[in-house]
> 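There's a structure below that I have some questions on.
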Number of protein chains: 2
Amino acid sequence: MKVYDHQLEVPGLRMTKQRKEVYRALMENADHPTASQLFDNLKNSQESMSLATVYNCLEALVEHGAIKQVNVDREPTRYCQNSAQHGHFHDQSTGTIHDINFKSGINLIDILDLPEGTEISSLEITLKGTLPS
Amino acid sequence: MKVYDHQLEVPGLRMTKQRKEVYRALMENADHPTASQLFDNLKNSQESMSLATVYNCLEALVEHGAIKQVNVDREPTRYCQNSAQHGHFHDQSTGTIHDINFKSGINLIDILDLPEGTEISSLEITLKGTLPS
DNA sequence: CAACAAACTTAGAATAATTCTAAAAAAGGC
DNA sequence: GCCTTTTTTAGAATTATTCTAAGTTTGTTG
Ligand SMILES: [Mn+2]
Ligand SMILES: [Mn+2]
Ligand SMILES: [Zn+2]
Ligand SMILES: [Zn+2]
């Protein structure tokens with residue numbers, strides 16, 4: 001899958017060469033890579049950059065809502081190209097992470113017992129187990 | 001709140017002095033402490049022990065389902081005395097973590113779009129935001 | 001009980017993901 | 001082109017956690 005430049009814009013974020021490359025590398029890698037996996041991917045590419053920059057770019061993209069961070073236990077943080085609301089499934093037999101969507105017409109907040117007036121800024125849902133083979 | 005020894009048993013786990021003390025310290029501390037906070041609490045107590053042992057004991061208790069681990073982003077892992085299924089709310093204005101229960105009669109799995117035959121071994125749900133003052 | 005093996009604890013060293021530092025480079029407005 | 005701000009960078013620093021290897025405790029067996 002090719003990703004074209006004009007799709008690599010993020011409202012309110014200056015898209016430097018490096019940020020574009022990191023964003024593109026993530027968009028072309030659906031399997032929730034770590035920062036250093038992305039760094040390795042980029043090493044062999046035109047636009048190589050330092051690991052610190054990969055971290056900086058990912059942080060900027062996360063802050064602007066373009067991508068998501070995924071943490072499973074204390075494993076290295078992984079990054080997700082899917083900016084829509086969704087959950088994650090960590091397949092313990094392969095180590096892979098898969099996106100999970102919520103069934104339509106359901107608002108997750110409605111099933112939680114929260115005090116009146118709670119302000120929610122983010123919601124994360126992560127499962128572990130094995131997928132059917 | 002005092003916690004008596006006979007409540008500090010965990011099926012299938014040999015309860016050494018150290019494991020009992022770590023378990024008790026967590027039971028007496030409702031605010032999801034870190035390993036090193038528990039270590040500090042225990043330093044001033046009868047049964048002091050090494051930080052490695054606190055980690056070892058917590059790991060054993062987690063593996064046996066007596067307590068839960070809570071990870072929020074990359075912050076130090078926190079431990080939860082509540083072994084029942086529940087979620088967590090991270091209050092960003094205070095840094096505290098609160099337990100969240102699901103409304104009764106609702107099965108969280110039912111609202112997720114999972115492939116037929118998926119085996120789930122754990123489910124985590126974590127919110128961030130602010131609670132009403 | 002004494003001997004033994006297995007499980008546990010320990011202090012300190014090692015690890016590794018991430019962040020920090022401070023200097024160079026790039027961007028963009030005027 | 002000049003100036004200010006932002007970004008990138010290499011490498012050092014940080015720090016939560018794990019590892020190591022030696023000592024201790026526990027439970028078992030003869
Ligand atoms: Mn990869
Ligand atoms: Mn505490
Ligand atoms: Zn995802
Ligand atoms: Zn909890």
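Below, read A as the first sequence line, B as the second, and so on, with proteins coming before strands; counting in each chain starts at 1.
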> Is there side-chain contact between Ile109(A) and Ile120(A), with at least one heavy-atom pair below 4.5 Å?
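With C-beta onward as the side chain, the pair touches.
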> Using C1' atoms of five pairs at each end, report the bend of the helix from dC1(C)-dG30(D) to dC30(C)-dG1(D) rounded to 10 degrees.
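Inter-axis angle at the ends, rounded: 30°.
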> Specify the separation, in whole Å, of atom NZ of Lys17(A) and atom P of dA25(C).
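So the two atoms are 13 Å apart, to the nearest Å.
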> Distance check: side-chain N/O of Ser50(A) vs OP1/OP2 of dT8(D), anything under 4.0 Å?
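For dT8(D), neither OP1 nor OP2 has a side-chain N or O of Ser50(A) closer than 4.0 Å.
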> Using a 4.0 Å heavy-atom cut-off across all strands, classify Thr16(B) as base, sugar-phosphate, or nothing.
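It contacts sugar-phosphate atoms only.
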> After noting the C-alpha distance and the side-chain angles of Asp73(B) and His90(B), does the key distance pass the side-chain contact (heavy atoms from CB on, under 4.5 Å) rule?
CA-CA 10 Å; Asp73(B) 301 331; His90(B) 182 241; 5.8 Å; no
> Grab the CD-P distance between Glu63(A) and dT7(D) for me, whole Å please.
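Atom-to-atom, Glu63(A) to dT7(D), this comes out as 11 Å.
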> Can you check whether Leu114(B) reaches Leu127(A) side chain to side chain, under 4.5 Å on heavy atoms?
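Touching, per the 4.5 Å side-chain cut-off.
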> Could you check how far CG of Asn56(B) sits from P of dT25(D), rounded to whole Å?
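Value for this atom pair: 17 Å.
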> Rounded to whole Å, please give me the gap between CG in Leu58(B) and C1' in dC8(C).
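My rounded result for the distance is 15 Å.
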> Should we say atom CD of Glu119(A) is surrounded by more than 12 heavy atoms from elsewhere, each under 6.0 Å from it?
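No, not enclosed.
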> Once you round it to whole Å, what is the distance between P of dG27(D) and CG of Leu13(B)?
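The distance from CG of Leu13(B) to P of dG27(D) comes to 12 Å, rounded to the nearest Å.
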> Hey, does the side chain of Gln18(B) come within less than 4.0 Å of dT25(D)'s phosphate (OP1/OP2), counting only N and O?
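Answer is no, no contact under 4.0 Å.
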> With side chain to side chain contact (heavy atoms under 4.5 Å, CB included) as the test, pick out the partner of Leu61(A) among Ile67(A), Asn56(A), Leu26(A).
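So the option named by the test is Ile67(A).
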> What is the distance, rounded to the nearest whole Å, between atom CG of Asp40(A) and atom P of dA17(C)?
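My rounded result for the distance is 11 Å.
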> Output the distance between atom OG (Ser121(B)) and atom CD (Gln92(A)), rounded to the nearest 0.5 Å.
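Those atoms lie 3.5 Å apart.
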> Can you work out whether Arg19(A) or Arg14(B) has the more 5'-proximal nearest nucleotide on DNA chain D?
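In this pair, the answer is Arg19(A).
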> Measure the distance from NZ on Lys43(A) to C1' on dA10(D) and round it to the nearest whole Å.
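Result: 14 Å.
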> Check ring pair (Phe, Tyr, Trp, His ring centres under 6.0 Å) between His86(A) and all other residues, then give those that pass, not counting sequence neighbours.
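His86(A): ring pair (Phe, Tyr, Trp, His ring centres under 6.0 Å) contacts with His88(A).
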> Kindly say whether Arg74(B) contributes a backbone atom to a donor-acceptor pair with the side chain of Arg74(A) at under 3.5 angstrom?
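Side chain of Arg74(A) to backbone of Arg74(B): a pair is present.
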> Provide, to the nearest angstrom, the distance between the CG atom belonging to Leu61(B) and the P atom belonging to dC8(C).
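Roughly 12 Å, once rounded to whole Å.
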> So do Asn82(B) and Lys68(B) actually touch side chain to side chain, heavy atoms under 4.5 Å?
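The answer is no, as the side chains (C-beta and beyond) never meet within the 4.5 Å cut-off.
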> Base, backbone or nothing for each nucleotide of nucleotides 13-24 of chain D, written B, S, -, heavy atoms under 4.0 angstrom, 5' to 3'?
---SSBB-----
